[in-house]
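Okay, so here's the structure we're looking at.
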Amino acid sequence: MVPTKPTVAPLPFWVRGDTNAFFGFGINVLVNVLTLTGLCVAVVNLPEGEVFGTILPALGIALVAGNVYYTLLARRLARWEQRTDVTALPYGPSVPHMFIVVFVIMLPIYLRTKDPVRAWEAGLAWAFIIGVIVLIGAFVGPYIRRYAPRAALLGTLAGISVTFISMNPAGQMWRTAWVALPVFALLLIGLLTDVKLPFQFPIGLAALLVGTAIGWAGGAMSVPDVTAAARDVAVAVPSFRLDLLLTGLGDMAPLLATAIPLGVYNFTEGMSNVESAATAGDNYHLRSVLLADGAGAVIGAALGSPFPPAVYVGHPGWKAAGGRTGYSMATGIVIAVLCFLGMFGLLATIFPTAAIVPILLYIGLLIGAQAFQATPRAHAAAVVAALIPNIAAWATSQIDNTLAAAGTTAAAVGDEALNGAGVVYDGLLVLGQGAILAGLVLGAVVVFIIDKRFVRAAIFAGSGAVLSFVGLIHGERIEWNANGPVALGYLFVAAICAVFALGRPAPRVPEPEEAELDRRHEPSTPDTPTGPAAPGGPAATADPADGIRPTPAVSG
């Protein structure tokens, strides 16, 4: 009897859970676009006409194209694996890069030249370089992902999520706790439990409406502000701004010092996010993801946006909320329409910030928990090790911002005075440079030491020495001998591990649940010809259309 391919129900474009994920993820992206709008106008002093007429429409094009792409990628994966529970990857403007391009690239140029357009040109060139580096990383990243331990990948991602994604929103929440905490409680109840609202009302929308109602009732919002913002609503059509980009690229040498490590950061974060999605059950082809991220940054820069888009932290959260393939495309389209209509100034006066930011703290909780839940218990210390460089990077950014507000800098205050006050600024600064890559290296070394795989630990420690020596980690800029003492420290670690490897100790025996974790979360790799067979099902073979080599879902 000839075996037949199992039949599955038609894949819907929208399910009830997509509504929850749409409002949650849509609010997340909304917050970020509102933030970058404020940074352009208030910090770099760009004319509002350029922000609403060029930058936001350019970002809208990148967002709608990227989210539609990831929706189609999810549907292809769902058909290939014959599942209906595949969740699309979330995609939006990269949050860390929003602040970096403004405060590290654009603001210094504006302060020196008093010309916001010059600053904008530099930002475009910087975003373009980031995109090119991510495109290159698409061919390197899959191999790094193959050999890096899951605890290192998820741990460094959790470090970003707990610090840069969660801490600022948490501070904003407790500043207006009477608005934010009820919203946060509704999100936790609706997204972390099986409790549903009457008539299946979307919990994300309910939380936003409740927070907005409390904010307006408490006098946190102003009708005149809404009226004034409504007058500024106008349609803007995106167009190429190659003149600005080419002018910025004409003086690109100073930009490489930050663009190279942050481009590496981007594709390393992309690897961690794809690993996070694999942990939640959706194995995406990493190269397809990184190529899309790099192309989004390049196209956005050509259109006039200095804000590189990227796959977001948070796929497991939207999957847990019930999101499948429709929420991502809907978010991209809606946010793009709002960009084209110049609506973000108006929306900022309608919705209280405290009613919006709790969704970011929710994502921080999910990703932080996942780093421990999806890795062996024996590797918990490695997860914490991978967190530490990101915590250091966040702490130094807070110190720098505090000193800047006081009209001074850490260099002006001096390391001796800071150390005397119990602030180990110099050490935190070194530790936090290139934090996501540093966390990956440190976490991997700890994993392999725990597993008594000392040769692998030595290899990663040696990689840390090379990366430190050229300044990709633990260095303030890319240069030869950027941080020799740190590089030497990593070399000593490599030597110690090599000595222990000579004794050929037996590797740590995995605990019983680790085999199940590996089976469920084994990532696809570029050279894997087939996926393991599911119980009672055929082995998965490579999809010639897009190179996805998924692990089939386990029935039952």
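Contact detail for P93 and L63: the closest heavy-atom pair is CD-CD2, 3.8 Å. Residues Y284 and A277 share a closest heavy-atom pair of CD1-CB, 4.3 Å. Of all heavy-atom pairs spanning P57 and V51, the tightest one is CD-O, 4.3 Å. Residues A297 and P308 come closest through the heavy atom pair CB-CB, 3.9 Å. Considering every non-hydrogen atom in both L56 and C339, the closest pair reads O-CB, 3.2 Å. When all heavy atoms of I450 and H379 are compared, the closest pair comes out as CG2-CD2, 4.1 Å.
At a threshold of 4.5 Å between non-hydrogen side-chain atoms, the residues V274 and V311 do not count as touching. A 4.5 Å side-chain heavy-atom check between F139 and L291 finds at least one atom pair inside the cut-off. The shortest distance between side-chain heavy atoms of L387 and T156 does not fall below 4.5 Å. Between M106 and W126 there is no side-chain heavy-atom pair separated by less than 4.5 Å. Side-chain contact between L437 and L440: present, with at least one pair of heavy atoms (C-beta onward) separated by less than 4.5 Å.
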Start with the C-alpha distance between M173 and L361, add both sets of side-chain angles, then the distance that settles side chain to side chain contact (heavy atoms under 4.5 Å, CB included), and finish with yes or no. CA-CA 9 Å; M173 286 171 58; L361 183 55; 3.7 Å; yes
The test is salt bridge (Lys or Arg N to Asp or Glu O under 4.0 Å); show your working for D451 and R508 and say whether it passes. CA-CA 5 Å; D451 287 348; R508 181 183 65 86; 2.7 Å; yes
Walk me through it: do N273 and L89 pass the test side chain to side chain contact (heavy atoms under 4.5 Å, CB included)? CA-CA 9 Å; N273 287 334; L89 291 167; 5.9 Å; no
Applying side chain to side chain contact (heavy atoms under 4.5 Å, CB included) to V102 and F307, what does each step give before you reach the verdict? CA-CA 9 Å; V102 169; F307 301 103; 4.0 Å; yes
Should V132 and I129 be marked as a side chain to side chain contact (heavy atoms under 4.5 Å, CB included) after you check the CA-CA gap, both sets of side-chain angles, and the distance that decides it? CA-CA 5 Å; V132 171; I129 297 167; 5.7 Å; no
List the steps and the verdict of side-chain hydrogen bond (donor to acceptor under 3.5 Å, both in side chains) for S328 and N67. CA-CA 5 Å; S328 179; N67 279 292; 2.7 Å; yes
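Side-chain contact annotation: N32 with Y312, donor-acceptor N/O pair under 3.5 Å present. Under the 3.5 Å distance criterion, with hydrogens and angles disregarded, a donor-acceptor pair is assigned to the side chains of T19 and W14. Side-chain contact, D282 with H315: a donor N or O sits under 3.5 Å from an acceptor N or O.
No donor-acceptor pair under 3.5 Å is formed between the side chain of N483 and the backbone N or O of G475. One N or O on the side chain of T279 and one on the backbone of E275 form a donor-acceptor pair closer than 3.5 Å. A donor-acceptor pair under 3.5 Å links the side-chain atoms of D18 to the main chain of V15, judged by distance alone. Side-chain atoms of T331 come within 3.5 Å of backbone N or O of Y327 as a donor-acceptor pair. Checking side-chain atoms of R150 against main-chain N and O of T375 turns up no donor-acceptor pair under 3.5 Å. In terms of modelled atom types and a separation under 3.5 Å, the side chain of T193 and the main chain of G190 share no donor-acceptor contact. T71 places a side-chain N or O within donor-acceptor distance of the main-chain N or O of T325, the cut-off being under 3.5 Å. In terms of modelled atom types and a separation under 3.5 Å, the side chain of D293 and the main chain of P309 share no donor-acceptor contact. Of the possible donor and acceptor atoms, one in the side chain of T87 sits under 3.5 Å from a partner among the backbone N and O of G323.
Note that OG of S397 is 11.0 Å distant from CG of L428, once rounded to the nearest 0.5 Å. The distance from the CG atom of L11 to the CG atom of D85 is 10.0 Å, given to the nearest 0.5 Å. To the nearest 0.5 Å, atoms CG (L77) and CG (L72) are separated by 12.5 Å. Note that CG of N168 and OG1 of T163 are 11.0 Å apart. Values are rounded to the nearest 0.5 Å. To the nearest 0.5 angstrom, I133 atom CD1 is 11.0 Å from F128 atom CZ. Going from atom CZ of F184 over to atom CG of L365 covers 4.5 Å, rounded to the nearest 0.5 Å.
Ring pair F448/F460 is tilted by interplanar angle, where 30° to 60° counts as tilted. Under the 30°/60° scheme for interplanar angles, the aromatic rings of Y91 and Y70 are found to be tilted. Classification of the Y362-W318 ring pair by plane angle, with boundaries at 30° and 60°, yields tilted.
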